Amino acid sequence: MPTPPFPTAWPEGFLWGVSTSSYQIEGAAAEDGRLPSIWDTRCRTAGKVANGDTGDVACDHYHRYAGDVALMRELGIGAYRFSVAWPRVLPRGRGAVNGKGLDFYDRLVDTVLAAGIEPWVCLYHWDLPQALEGLGGWTHRDSAGWFADYAAVVARRCGDRVRHWATFNEFAVFTLFGYAMDWGAPGLRDRDAHLRAIHHVNLAHGAGVDVLRDLVPGASIGAIHNQQPVWPEGETEPNRAAAQWLDEHWNHAFPDPQLRGHYPPRIAEVIEPYVRAGDLARICRPLDWFGLNHYGPIFAKADPSLPWGFGWGSPPADAPRSEIGWPIYPEAFRDLLLDLSRAYRLPVYVTENGAGGDDRPDAAGRVRDPKRVSYLAAHIGSMHDAIAAGADVRGYFVWSVLDNFEWGSGYGPRFGLVHVDFATQARTPKSSYRWYRDLIRAAAAGSR
Ligand code: FCB
């Protein structure tokens with residue numbers, strides 16, 4: 001299969017990167033003082049994760065980080081986005097700081113910098129300490145303060161070297177899946193708990209931004225949102241209504257209060273009992289960039305068995321799909337980048353984009369992933385079109401550098417540019433790794 005071409009002329013300084021998250025790669029779940037997170041608990045709850053898989057070992061990145069960073073250096077990326085595991089740093093969520101846990105991020109940051117790569121640190125990628133869940137987790141209003149204290153611990157330790165910070169990853173995904181659909185931790189289907197979680201996570205974001213501004217002079221701070229067009233499954237009236245609801249939850253419940261100072265209309269009505277005077281000003285803090293995670297459009301359908309009456313629909317039968325069945329519409333990505341850049345007036349960084357597959361080594365031990373390469377080529381091409389049409393996009397991070405633990409789907413879907421054999425921990429760069437490396441080189445040459 002011929003290698004898809006890529007645009008080589010990019011704006012000066014355009015940043016190419018890769019993203020990961022703590023629970024999905026680190027492993028070492030009970031090492032050096034780390035205590036369980038809500039995802040450790042979910043993995044041990046029967047029927048919640050495919051195969052009974054857990055993040056106990058994952059990619060063993062906690063021990064193999066130096067080799068993994070070397071792979072990133074050879075890839076030629078300018079930035080590496082990873083998350084910090086709150087239960088490693090503050091095993092009980094608050095109170096005693098675990099020095100060994102913090103030391104790990106210290107070593108990681110130094111190693112990343114020594115490789116000539118900018119660390120982009122995300123404070124929360126879904127692994128809430130289980131001890132805090134015991135107190136109510138995000139449904140407890142104090143969670144905003146717990147998060148701010150945790151942010152301060154990390155900022156004090158790493159703020160001398162880390163300039164780019166994100167408060168949260170995909171607010172809408174972990175709150176909707178965790179509190180309304182039982183697709184993620186902590187696994188509730190409860191409208192009130194969901195509304196509380198939405199509001200408290202928004203408050204935590206605002207409090208976290210304030211802490212980072214105070215403790216890290218010159219920090220560049222953003223938040224990472226999943227944004228996707230939401231389309232009804234078939235053009236029926238109930239499914240259209242479901243799509244409107246899902247769109248508010250998915251695309252607006254977090255960016256709107258954080259960047260415009262108000263909730264979208266339907267959510268504003270129902271969330272009101274949890275909102276106190278002054279809250280929206282606490283949530284809406286100036287930010288430096290908008291982090292966009294995007295994979296493809298999503299489909300909604302009416303589902304009276306779920307708390308909001310809407311659920312996940314299916315794409316049309318003839319929709320192009322990735323190997324794991326996610327719909328592929330690169331032109332929607334172009335439109336989204338233009339819309340976001342106009343709507344929120346912040347530079348956009350694509351903090352996740354990628355494709356899941358079932359990649360396996362061939363007889364010679366090579367891993368070829370042409371479908372991932374075509375997906376990346378199409379989306380990077382659409383991003384290039386969006387920039388040409390005026391979108392202010394400053395960087396792009398592939399999800400992910402390594403195959404890793406894909407939440408409720410366990411180790412089935414592989415998203416890496418590098419194949420991981422989970423039995424031996426052997427790393428094998430795939431053809432997409434070489435393709436992305438060549439793109440980065442060509443872009444560097446082309447933008448000079
Ligand atoms: C995103 C998550 C990330 C990963 C990718 C495939 O929703 O942020 O952790 O699971 O999907």
Side-chain angles (χ1 to χ4, degrees), residues 17-27 37-40 42-43 48-50 53-55 58-59 61 80-86 120-128 166-178 181 183-185 201 205 222-230 246 249-251 253-255 290-299 312 321-328 333 336 349-359 369 371-372 375-376 379 396-418 420 432:
V18 291
S19 289
T20 64
S21 90
S22 48
Y23 191 68
Q24 293 179 275
I25 64 166
E26 285 180 2
S37 73
I38 54 175
W39 267 97
D40 296 85
R42 187 162 177 88
C43 290
K48 299 301 183 193
V49 175
D53 288 344
T54 74
C59 307
H61 177 76
Y80 171 42
R81 172 194 156 220
F82 58 90
S83 77
V84 172
W86 188 344
W120 282 48
V121 170
C122 176
L123 289 168
Y124 189 82
H125 200 126
W126 310 357
D127 41 1
L128 185 74
T167 51
F168 284 80
N169 176 73
E170 296 191 354
F171 303 81
V173 175
F174 77 87
T175 50
L176 185 70
F177 287 5
M181 297 180 76
W183 278 9
V201 167
H205 158 81
I224 296 171
H225 301 279
N226 52 286
Q227 296 276 293
Q228 274 128 325
V230 181
L246 180 55
H249 275 286
W250 199 256
N251 292 320
F254 295 93
F290 187 104
L292 165 68
N293 288 1
H294 177 87
Y295 291 88
I298 54 174
F299 291 81
W312 227 245
R321 295 173 193 240
S322 70
E323 279 175 22
I324 61 162
W326 293 10
I328 304 180
F333 185 44
L336 180 64
Y349 286 89
V350 178
T351 36
E352 282 185 28
N353 178 240
D358 176 26
D359 317 298
D369 53 348
K371 285 199 167 170
R372 178 170 298 101
Y375 177 97
L376 295 174
H379 285 76
Y396 174 93
F397 294 66
V398 173
W399 182 272
S400 181
V401 62
L402 301 172
D403 293 339
N404 60 47
F405 174 77
E406 179 51 25
W407 308 112
S409 307
Y411 293 98
R414 293 175 176 271
F415 277 87
L417 298 174
V418 176
V420 176
S432 57

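All values reported here derive from a predicted model rather than from experimental measurement. These numbers come from the heavy atoms of this one structure, side chains and all, not from hydrogens, waters or symmetry mates. In this chain, residues are counted from 1 in sequence order. As the structure lists them, so they are numbered: ligands from 1, and atoms in each ligand from 1.
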Between [X] and [Y], how do the two ring planes meet: parallel, tilted or perpendicular, split at 30° and 60°?
| X | Y | answer |
| --- | --- | --- |
| F177 | W312 | perpendicular |
| F415 | Y295 | perpendicular |
| Y23 | W407 | parallel |
| F333 | H294 | parallel |

Discussion item. When you compare ligand 1 with W126, is there at least one nitrogen or oxygen pair between them that comes in under 3.5 angstrom?
Written reply: no
Worksheet item: Can you check whether W326 has an N/O within less than 3.5 Å of an N/O in ligand 1?
Response: no
[atom] [closest protein heavy-atom partner, distance rounded to 0.1 Å]:
| atom | value |
| --- | --- |
| atom 5 (C) of ligand 1 | Y295 OH, 3.3 Å |
| atom 3 (C) of ligand 1 | E352 OE1, 3.5 Å |
| atom 7 (O) of ligand 1 | E170 OE1, 2.6 Å |
| atom 10 (O) of ligand 1 | E406 OE1, 2.7 Å |

List ligand 1 atoms under 4.0 Å from [X], heavy atoms only on the residue side.
| X | result |
| --- | --- |
| N169 | 8 (O) |
| F415 | 6 (C) |
| Q24 | 3 (C), 4 (C), 9 (O), 10 (O) |

Practice prompt. Flag the pair F174 / Y124 as yes when their ring centroid distance falls below 6.0 Å, and as no otherwise.
Written response: yes
Worksheet item: Mind checking whether Y411 and F405 have ring centres under 6.0 Å apart?
Response: yes
Worksheet item: Any non-hydrogen atom of V173 lying under 4.0 Å from ligand 1?
Response: no
Discussion item. Does either side chain, that of E170 or that of N226, offer a donor lying less than 3.5 Å from an acceptor on the other one?
Written reply: no
